[in-house]
Chemist: 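One structure coming up, written as structure tokens, with questions to follow.
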There are 2 protein chains.
Amino acid sequence: MSNVKLSAARRQRSKTGNGADAEPHLSLMENVNYDLLPNHIGFWIRRAQLAVMKSYEEHVGDLDLRPVEAAAILLIGQNKDISQIVLGSALGTDQSTMVAICTRLENRGYIERRRLPEDRRYQLLTLTAEGSRAAVAVRKRLIAHNENVLRRIPAAERKKLLAMIQNLVQE
Amino acid sequence: MSNVKLSAARRQRSKTGNGADAEPHLSLMENVNYDLLPNHIGFWIRRAQLAVMKSYEEHVGDLDLRPVEAAAILLIGQNKDISQIVLGSALGTDQSTMVAICTRLENRGYIERRRLPEDRRYQLLTLTAEGSRAAVAVRKRLIAHNENVLRRIPAAERKKLLAMIQNLVQE
DNA sequence: TATTGTTATACTCTATAACTATA
DNA sequence: TATAGTTATAGAGTATAACAATA
């Protein structure tokens, strides 16, 4: 397991400790044998995602946008008049899920939907002025968030890390 | 975006195509500008987790155990009489979630729970004979699953990948 | 008063199925 | 007959809160 802490999931319900031994009583087994897990990529990917979510909450959370909504704002900003289905495809998100995401962004005044006149099945998405301002904030926070997650990876190795993770994803 | 496919999330509802152009009509925007996302670690971690889940389903799915249950069987096998709270801590899972996991494993005959006589608050977990057989199967499947996920990463680089991902996790 | 385990409940995220309007 | 979008619904996974038993 090397030097990586694997606890940290312990509940912190009773914070009204008396200053004495408030730590859970782990004496029964301090050293857990993790078997395959330390070499199991899925185990670490899951924990990495939890760490990413935590960092996201800390760095982007005040914008009250879920990760997929933040990504949607970014992509709509870069791809004016993108349709919901193309956006969903780009984000790896289902059609019906996209509806809820876009409706929320619309209700908050960040995007506008309009039908494509030539083919009224398509719902085209654009940022409003307020949405554009939000996009600026989103970009700034996402960059800080990304920098935070990668803070322990030397800059020279980050490309390599991304490339390797992308290699896990490819079909 | 290099050569990595980012679509694939398209729904496949109407498979009764006529053999002609059954592909969704993406002509409106073939080339999406992904902005920050290609360099955004969280974006790739999320997609990696989806890939891991897919591979898990294919390689371990027939055991009808969720990932956390498979991991629990492994750890109980390697740590006889581990308590629920220590196991939960090791897996990064909440106390109350552990109850449901252990109850399911108990109902399937894979584990036994018994109270520690010296401190009856503790519920100690051990594998049954059937649980031990399951653990053998779990180990075999997890190894194949892991090998599959890492199949495009040269063996010499896998340690490096794991180390870097672990560096994302550390507090 | 603290800790382990339990129960009931609720929340997040996402997908499936059935539907509409459009083509 | 197929596609984009919509709605209603359901499921997985997980956590929070209140509680019981034990210390």
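Within every chain, numbering begins at 1; the chains are lettered A, B, ... in the order of the sequence lines, protein sequences first and strands thereafter. Values below: every heavy atom of this structure, side chains too, minus hydrogens, waters and symmetry copies. This one's a predicted model, so the numbers in the text were calculated from it and none came from an experiment.
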Chemist: Would you please test Thr128(B) and Ile111(B) for side-chain contact (heavy atoms from CB on, under 4.5 Å) and show each step?
Modeler: CA-CA 5 Å; Thr128(B) 61; Ile111(B) 69 169; 5.6 Å; no
Chemist: Please list, pair by pair, any protein nitrogen or oxygen found under 3.5 Å from a nitrogen or oxygen in nucleotides 21-23 of chain C.
Modeler:
from    : atom 1 : to        : atom 2 : distance (Å)
dA23(C) : OP1    : Arg120(A) : N      : 2.9

Chemist: One pair to check against salt bridge (Lys or Arg N to Asp or Glu O under 4.0 Å): Glu57(B) and Arg66(B). What are the steps and the verdict?
Modeler: CA-CA 9 Å; Glu57(B) 182 57 34; Arg66(B) 288 175 299 163; over 6 Å; no
Chemist: In whole angstrom, what separates Gln123(B)'s CD from dT3(C)'s C1'?
Modeler: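 Rounded to whole Å, this separation is 14 Å.
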Chemist: Starting from P on dG5(C), measure out to CD1 on Ile111(B) and report it in whole angstrom.
Modeler: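 Taking atom P of dG5(C) as the reference, CD1 of Ile111(B) is at 11 Å.
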Chemist: Once side chain to side chain donor-acceptor pair (under 3.5 Å) is applied, do any residues pair with Glu157(A), and if so which ones, sequence neighbours excluded?
Modeler: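 Listed in chain order: Lys160(B).
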Chemist: Between dG13(D) atom C1' and Leu91(B) atom CG, what is the distance in whole Å?
Modeler: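 After rounding, the reported distance stands at 14 Å.
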Chemist: What is the distance, rounded to the nearest whole Å, between atom CZ of Arg104(B) and atom C1' of dA12(D)?
Modeler: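 These atoms are roughly 12 Å apart.
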Chemist: Is it the case that the side chain of Thr126(A) and the backbone of Asp81(A) share a donor-acceptor pair, with hydrogens and angles ignored and the cut-off at 3.5 Å?
Modeler: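 The answer is no, because no donor-acceptor pair under 3.5 Å joins these two groups.
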Chemist: Quick one: side-chain hydrogen bond (donor to acceptor under 3.5 Å, both in side chains) pairs with a partner in residues 132-143 of chain B, sequence neighbours left out?
Modeler: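 Checked against side-chain hydrogen bond (donor to acceptor under 3.5 Å, both in side chains) - neighbours excluded - the pairs reaching residues 132-143 of chain B are Asp35(A)-Arg139(B), Asp62(B)-Arg141(B).
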Chemist: Return each pair, listed once, that meets ring pair (Phe, Tyr, Trp, His ring centres under 6.0 Å) where at least one residue sits in residues 151-171 of chain B; pairs must be two or more places apart or across chains.
Modeler: none
Chemist: Between dA20(D) atom C1' and Tyr122(B) atom OH, what is the distance in whole Å?
Modeler: 17 Å
Chemist: Report the distance from atom CD1 of Ile82(A) to atom C1' of dA4(D), rounded to the nearest whole Å.
Modeler: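 My rounded result for the distance is 14 Å.
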Chemist: Quick one: Leu87(A) CG to dT3(D) C1', roughly how many Å, whole number?
Modeler: 17 Å
Chemist: Are Arg113(B) and Gln84(B) close enough that a side-chain donor and a side-chain acceptor fall under 3.5 Å?
Modeler: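 On atom types as modelled, these side chains qualify, holding a pair under 3.5 Å.
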Chemist: Can you check nucleotides 11-15 of chain C for protein contacts, nitrogen or oxygen pairs under 3.5 Å, and list what you find?
Modeler:
from    : atom 1 : to       : atom 2 : distance (Å)
dC13(C) : OP2    : Arg66(A) : NH1    : 3.3
dT14(C) : OP1    : Arg46(B) : NH1    : 3.0
dA15(C) : OP2    : Asp94(A) : N      : 3.2
dA15(C) : OP2    : Thr97(A) : OG1    : 3.4

Chemist: Is the phosphate of dT6(C) approached by Gln84(B) (side-chain N or O, under 4.0 Å from OP1 or OP2)?
Modeler: yes
Chemist: Verify, without hydrogens or angle tests, whether Asn79(A) (side chain) and Leu75(A) (backbone) share a donor-acceptor contact under 3.5 angstrom.
Modeler: yes
Chemist: Under the rule for ring-ring contact (aromatic ring centres under 6.0 Å, His included), what residues qualify as partners of His40(B), not counting sequence neighbours?
Modeler: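 His40(B) satisfies ring-ring contact (aromatic ring centres under 6.0 Å, His included) with His145(A) once adjacent residues are dropped.
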Chemist: Please report the distance, rounded to the nearest Å, between CZ in Arg113(B) and P in dG5(C).
Modeler: 9 Å
